[in-house]
Protein chains: 2
Amino acid sequence: MVLKNPIEKLNKIFESRIRLGVMSVLMVNEEVNFNDLKQLLEVTDGNLATHLNVLEESGYIKVHKSFIGRKTNTAYAVTRPGEKAFKDHLKILESMIRNIS
Amino acid sequence: MVLKNPIEKLNKIFESRIRLGVMSVLMVNEEVNFNDLKQLLEVTDGNLATHLNVLEESGYIKVHKSFIGRKTNTAYAVTRPGEKAFKDHLKILESMIRNIS
DNA sequence: AAAAAGCACTTTGTAATACAAAGTTAATAA
DNA sequence: TTATTAACTTTGTATTACAAAGTGCTTTTT
């Protein structure tokens, strides 16, 4: 058997269901704010915050704080490296899928 | 925003990189033995054993112990429910990918 | 025949991760 | 003024991942 390790290239950051969800939402929406993400993914705010932190610290998303009127709004968006990393990850998954079906 | 939660249907069992790897290997090979899996996925034997246990206990793979000569051989294969569960999981991933690209 | 090595684990221990819940601060609505 | 919302941080617990060592049996090497 001389197959290659099929998992070595999968990005550990995207192993988490929640972070995968965040990325997939942010890939199709320019900007999404904290609360919308929270309701969309059905997670507690503390939990979401920590996952967002992981994504931010790895440079895959960026935060954009602004005011809507005098109220603060926190919106998240993917960065260029985040887009690349996520697409790369999906490519690996895709090739696994293609192998199988 | 009335999008659906994109992650609720993802199978928790397949969140692990290693279990994902095991499944993807077993989907394209009738049977793979312990040692081949271990070398293919580059994991320690203890770690592999526990992940295989999780997959077996959830009914997604089955074990086939036999003798090659007088030496024991432990081979793993996907079960029918395992095949279905994995394909379902991949379908969700696929739809996420399709949404994005 | 004795020693070393391989297979397929189990056990043990540690470190990382996930998560909920409660607390926080500042603003806004009732 | 009280209550509520947003977006967190902190705290604590439970789960998970993983490596490493130990086990019992077999095979290979010397």
Side-chain angles (χ1 to χ4, degrees), chain A residues 1 5-23 25-26 29 31-58 60-77 89, chain B residues 1 5-23 25-26 29 31-58 60-77 89:
Chain A
M1 220 185 291
N5 183 344
I7 63 177
E8 69 184 343
K9 292 196 165 181
L10 286 174
N11 194 328
K12 278 214 168 193
I13 298 286
F14 303 135
E15 256 188 85
S16 147
R17 221 163 81 274
I18 294 174
R19 291 195 296 267
L20 202 70
V22 169
M23 289 303 288
V25 169
L26 294 186
N29 299 83
E31 274 201 350
V32 182
N33 66 33
F34 188 89
N35 219 40
D36 286 345
L37 274 175
K38 180 182 141 188
Q39 288 177 346
L40 198 54
L41 301 176
E42 292 167 37
V43 286
T44 55
D45 47 2
N47 195 10
L48 177 58
T50 56
H51 282 297
L52 288 172
N53 252 330
V54 171
L55 288 172
E56 202 196 340
E57 265 159 39
S58 55
Y60 293 165
I61 65 172
K62 64 191 168 216
V63 189
H64 173 219
K65 279 168 189 285
S66 66
F67 287 90
I68 293 182
R70 293 183 55 203
K71 198 177 171 185
T72 56
N73 182 268
T74 310
Y76 297 88
H89 182 77
Chain B
M1 219 184 293
N5 183 344
I7 62 177
E8 69 184 341
K9 293 196 163 180
L10 286 173
N11 193 328
K12 279 214 169 195
I13 298 286
F14 303 136
E15 257 189 83
S16 146
R17 219 163 81 273
I18 294 174
R19 291 195 296 268
L20 201 69
V22 168
M23 289 304 289
V25 168
L26 294 186
N29 299 82
E31 274 201 351
V32 181
N33 67 31
F34 187 89
N35 219 40
D36 286 344
L37 274 176
K38 180 181 140 189
Q39 288 177 346
L40 199 54
L41 301 176
E42 293 166 38
V43 286
T44 55
D45 48 2
N47 195 10
L48 177 58
T50 57
H51 283 297
L52 288 171
N53 252 331
V54 171
L55 287 172
E56 202 196 342
E57 265 158 39
S58 54
Y60 294 164
I61 65 171
K62 65 191 169 214
V63 188
H64 174 220
K65 279 166 189 284
S66 66
F67 287 89
I68 293 182
R70 292 183 56 202
K71 198 178 172 184
T72 55
N73 182 269
T74 310
Y76 297 88
H89 182 77

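Please read these numbers as outputs of a predicted model, since none were measured by experiment. The figures here come from the full heavy-atom set of this structure, side chains too, leaving out hydrogens, waters and symmetry mates. Residue numbers begin at 1 in each chain, while the letters A, B, ... track the order of the sequences.
Taking atom CD of B/E57 as the reference point, atom P of D/dT15 lies 15 Å away to the nearest angstrom. Rounded to whole Å, the distance from CG on A/N35 to P on D/dA7 is 5 Å. To the nearest angstrom, C1' of D/dT26 lies 10 Å from CZ of B/F67. Protein atom CD1 of A/I7 is 12 Å distant from nucleotide atom P of D/dA17, rounded to whole Å. One can place CG of A/L48 at 11 Å from P of D/dT9, the figure rounded to the nearest angstrom. Spacing between atom CG of A/N33 and atom C1' of D/dT5 amounts to 12 Å, rounded to whole angstrom units. Between the P atom of C/dC9 and the CG atom of B/L55 lies a distance of 13 Å, rounded to the nearest Å. Rounded to whole Å, the distance from CG on A/L37 to C1' on D/dC8 is 14 Å.
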Test B/R19 against B/V54 for side chain to side chain contact (heavy atoms under 4.5 Å, CB included), laying out the working first.
CA-CA 9 Å; B/R19 291 195 296 268; B/V54 171; 3.8 Å; yes
Can you list the steps and then say if B/N5 with A/L40 is a side chain to side chain contact (heavy atoms under 4.5 Å, CB included)?
CA-CA 5 Å; B/N5 183 344; A/L40 198 54; 5.8 Å; no
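In this structure, A/N29 contributes its side chain and A/V32 its backbone to no donor-acceptor pair below 3.5 Å.
Here the side chains of A/K12 and B/R17 are in contact, with some heavy-atom distance below 4.5 Å. Within the 4.5 Å cutoff, the side chain of B/L37 has heavy atoms near those of the B/L52 side chain. B/K62 places none of its side-chain heavy atoms less than 4.5 Å from the side chain of B/E56. Side-chain contact check for A/L41 versus B/P6: some heavy-atom pair is nearer than 4.5 Å.
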Classify every nucleotide of nucleotides 16-24 of chain C by which part a protein heavy atom approaches to under 4.0 Å, writing B for the base, S for the sugar-phosphate alone and - for neither, in 5'-to-3' order.
--SBBB---
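Backbone-only engagement by B/K65 is indicated by non-hydrogen atom pairs under 4.0 Å involving sugar-phosphate atoms exclusively. Residue contacts shown for A/Y76 are limited to sugar-phosphate atoms, with no base heavy atom under 4.0 Å away.
End-to-end axis angle of the helix from C/dA1-D/dT30 to C/dA30-D/dT1, using five pairs per end and rounding to 10°, comes to 0°.
To the nearest 0.5 Å, atom CD1 of residue A/I18 and atom OG1 of residue A/T44 are 7.5 Å apart.
Close to D/dT9, at under 4.0 Å from its OP1 or OP2, lies a side-chain N or O of A/N53.
Aromatic ring pairs are classed by plane angle as parallel below 30°, tilted from 30° to 60° and perpendicular above 60°; the pair B/F34 and B/Y76 is tilted.
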